[in-house]
Protein chains: 2
Amino acid sequence: MPTISDVAARAGVSTATVSRALNGKATVDPDLAARVRTAATELGYQPNGPARALRRQEAAVVALIISDVENPFFTALARGVEDVAHEVGYSVVLCNSDENADKENRYIDIAIQERVAGVILSPSGTATSVAKLANRGTAYVAVDRPLPEQDSDAVLVDTRQAAKQATAHLIAQGYERIGCITGPAGVRTADDRLAGYRDGLKAAKRRSTTRLVRRSEYKAAGAHRAALELLSQAEPPDALLIANSAMAVGVLQALQERGIRAGREVGLVAFDDAPWAELVDPPLSVVAQPAYEIGTVAARLLLARIADNSRPPTTTTLGARLIERASSVQLDRR
Amino acid sequence: MPTISDVAARAGVSTATVSRALNGKATVDPDLAARVRTAATELGYQPNGPARALRRQEAAVVALIISDVENPFFTALARGVEDVAHEVGYSVVLCNSDENADKENRYIDIAIQERVAGVILSPSGTATSVAKLANRGTAYVAVDRPLPEQDSDAVLVDTRQAAKQATAHLIAQGYERIGCITGPAGVRTADDRLAGYRDGLKAAKRRSTTRLVRRSEYKAAGAHRAALELLSQAEPPDALLIANSAMAVGVLQALQERGIRAGREVGLVAFDDAPWAELVDPPLSVVAQPAYEIGTVAARLLLARIADNSRPPTTTTLGARLIERASSVQLDRR
DNA sequence: TTGAAAGCGCTAACAA
DNA sequence: TTGTTAGCGCTTTCAA
């Protein structure tokens, strides 16, 4: 593997000049610079990243720690981050914390060890391992969920408001016993969606009851179990607000197994506009979140903080959009 | 940020001893080792990754370059790679080449620059930028698609055989004019699935005609267009073999728009068992690929090659499984 | 505009 | 078992 010295020898200059030429410094004689570039190409020279990072005390890399790579919401978000980061020459390292505080913590350690320029993460619950980043002065931005401390950059969705709106929609459609299947306690989006659901009931002077609420992992299997439980009750729900699209899969499976037609016997609204939402029968009403945009905004925020760590913290809250489809329209109204 | 010298000073030993203690070398006095660990914890010491990589001439990192982060097939594969890599203390860096040879090439350069221990990639077509890896002696493994040169490790699926089987199934169900919507020319899986489709027709003494074949990106939008084209013909297909699940979404949309019932007027089989495949009406028949397993096998192969670059190249071919659901059962047979 | 030289933090060869 | 020391490849003063 050729080094900068090999290039220098071949071009007949010092390593300092090679470094300057290859990094586009203006203070290099054009002829020399050309000679250096030629030599580099001929040798197939690739700079040694770790050596550069060691010397510069920072790598042109940002870490993105998300809680589920298999969740389309997060992959869309990831693309947003990538697109912005690449524009300015940063690489993005994707890490999957699996909604697991230990894994998250481990990835934060790795990010610190690798001396990345910054970290974007969807914090998994209450663990404050993020404090380590703050202590070290590493730039970071929270996405999807805020951090316990308020003094950090964050890009969020007004998910409570969206849940309230979705609930109001179900009420307006004439559903009587509206239930909610949300994510684990302590995960902020899960709590907010539940709170918004309760807001919606309250605004319509409905009583909310824990008998119609279930929590599970943000996955199909848990939601499947939760739905079966709810449907087995003496007074089962006639509509459900579901906290993400993976859970919606579980709920739809449960309905199918029980032979219950979605939208007729049980109205449905789920968070996240999955590509297949229009394909199920009846088409699934959803709350569409601006996942890609969350990623781009977060990346820009991170870059700004990398450039100036003293800037005041910013929280950006984006809106979500309710898309009404047939799964939430009462039969007698059709 | 504390360095190894700070830890050494605090523990009253040399940096060499700190290094040995923290890396679990057996030749350190247990008492000293304990003192070192205490000092490290008290200081919140985190080793400097680039410095270590520079000295060791290799980072405990493998790069995974996939052609589409938003494709569940690749995210499942990624989890397989992750799980195996983490077991042995390697980090995984996920890169999204977007089916774009330039981006792929760029990521390969980055992988080389960062001196990763190895690369797993789904090669986007014919570009042989992979040769750079070979030249430098960096370990790599191809997944999903083989590389032009045969002398490298690869983990593949016998996708041609699977496509043939799926086509035979459609024929057995009584479909007459079976079409195929596959990925871009030059992408090996796309070509293989088409070849398998033709194999299937041939085995049944059917003529294959290009009028029933379309290609597009491996995305919903392209498949949507392709399906509309096929359905607009004088003699439209009465069944379709679709090369992945994102494309299946596009095709199902097209059928919906045209008011054509899948499985009745047009039989369907798609590659990849998406979580929603059972939820559409009628449930979608699929060719399930062992994505997670591809990832685990590839990771183990890569680790073996990192350990011994002289071992003979291995190609592992895994099977796919046809899951027959109602979308490929002729109405008169139900 | 260029070169010489120091040094980023770590590990490993060598010496004690 | 421990310490001393060289050096991985690069960037960046500092001096010329």
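Any value given below was found using the heavy atoms of this structure, including those in side chains, with hydrogens, waters and symmetry copies removed. All values reported here derive from a predicted model rather than from experimental measurement.
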Colleague: For the side chain of Arg52(A), counting heavy atoms from C-beta on, which of dC10(C), dC10(D), dT11(C) is nearest?
Modeller: dC10(D)
Colleague: Report yes if a side-chain nitrogen or oxygen of Asn23(B) is closer than 4.0 Å to either non-bridging phosphate oxygen (OP1 or OP2) of dT11(C); otherwise report no.
Modeller: yes
Colleague: Atom OG1 of Thr3(B) and atom CG of Leu43(B): how far apart are they, to the nearest 0.5 Å?
Modeller: 9.0 Å
Colleague: Sort out for me which residue in Ser122(A), Ser124(A), Ser67(A) forms a side chain to side chain donor-acceptor pair (under 3.5 Å) with Glu104(A).
Modeller: Ser124(A)
Colleague: Given atom CZ of Arg55(B) and atom C1' of dC10(C), what is their separation to the nearest angstrom?
Modeller: 8 Å
Colleague: Go through it in stages, so that I can follow the logic: the residues are Asp98(A) and Arg79(B), the test is side-chain contact (heavy atoms from CB on, under 4.5 Å), and I'd like the CA-CA distance, side-chain angles, deciding distance and then a yes or no.
Modeller: CA-CA 10 Å; Asp98(A) 232 355; Arg79(B) 296 199 61 124; 2.9 Å; yes
Colleague: Could you tell me whether the side chain of Arg115(B) has a donor or acceptor atom within less than 3.5 Å of a complementary atom in the base of dG9(D)?
Modeller: no
Colleague: What's the closest nucleotide to the side chain of Thr3(A) if the choices are dC10(D), dC10(C), dT2(D)?
Modeller: dC10(D)
Colleague: Using a heavy-atom cut-off of under 4.0 Å over every strand shown, decide if Thr27(B) touches base, sugar-phosphate, or nothing.
Modeller: base
Colleague: Return the nearest nucleotide to the side chain of Asp29(B); candidates are dG3(D), dG9(D), dT2(D).
Modeller: dT2(D)
Colleague: Does Thr17(B) have a side-chain nitrogen or oxygen under 4.0 Å from the phosphate oxygens OP1 or OP2 of dG3(D)?
Modeller: yes
Colleague: When all nucleic acid strands are considered with a 4.0 Å heavy-atom cut-off, which category describes Pro50(B): base, sugar-phosphate, or nothing?
Modeller: nothing
Colleague: OP1 or OP2 of dG9(C) sitting under 4.0 Å from any side-chain N/O of Gln57(A)?
Modeller: yes
Colleague: For Asn105(B) and Ser129(B), indicate whether the former's side chain and the latter's backbone hold a donor-acceptor pair under 3.5 Å.
Modeller: no
Colleague: From the list dC10(D), dC10(C), dT11(C), which nucleotide is the closest neighbour of the side chain of Ala51(B)?
Modeller: dC10(C)
Colleague: Choosing from dG3(C), dT11(C), dG9(C), which nucleotide comes nearest the side chain of Arg20(A)?
Modeller: dG3(C)
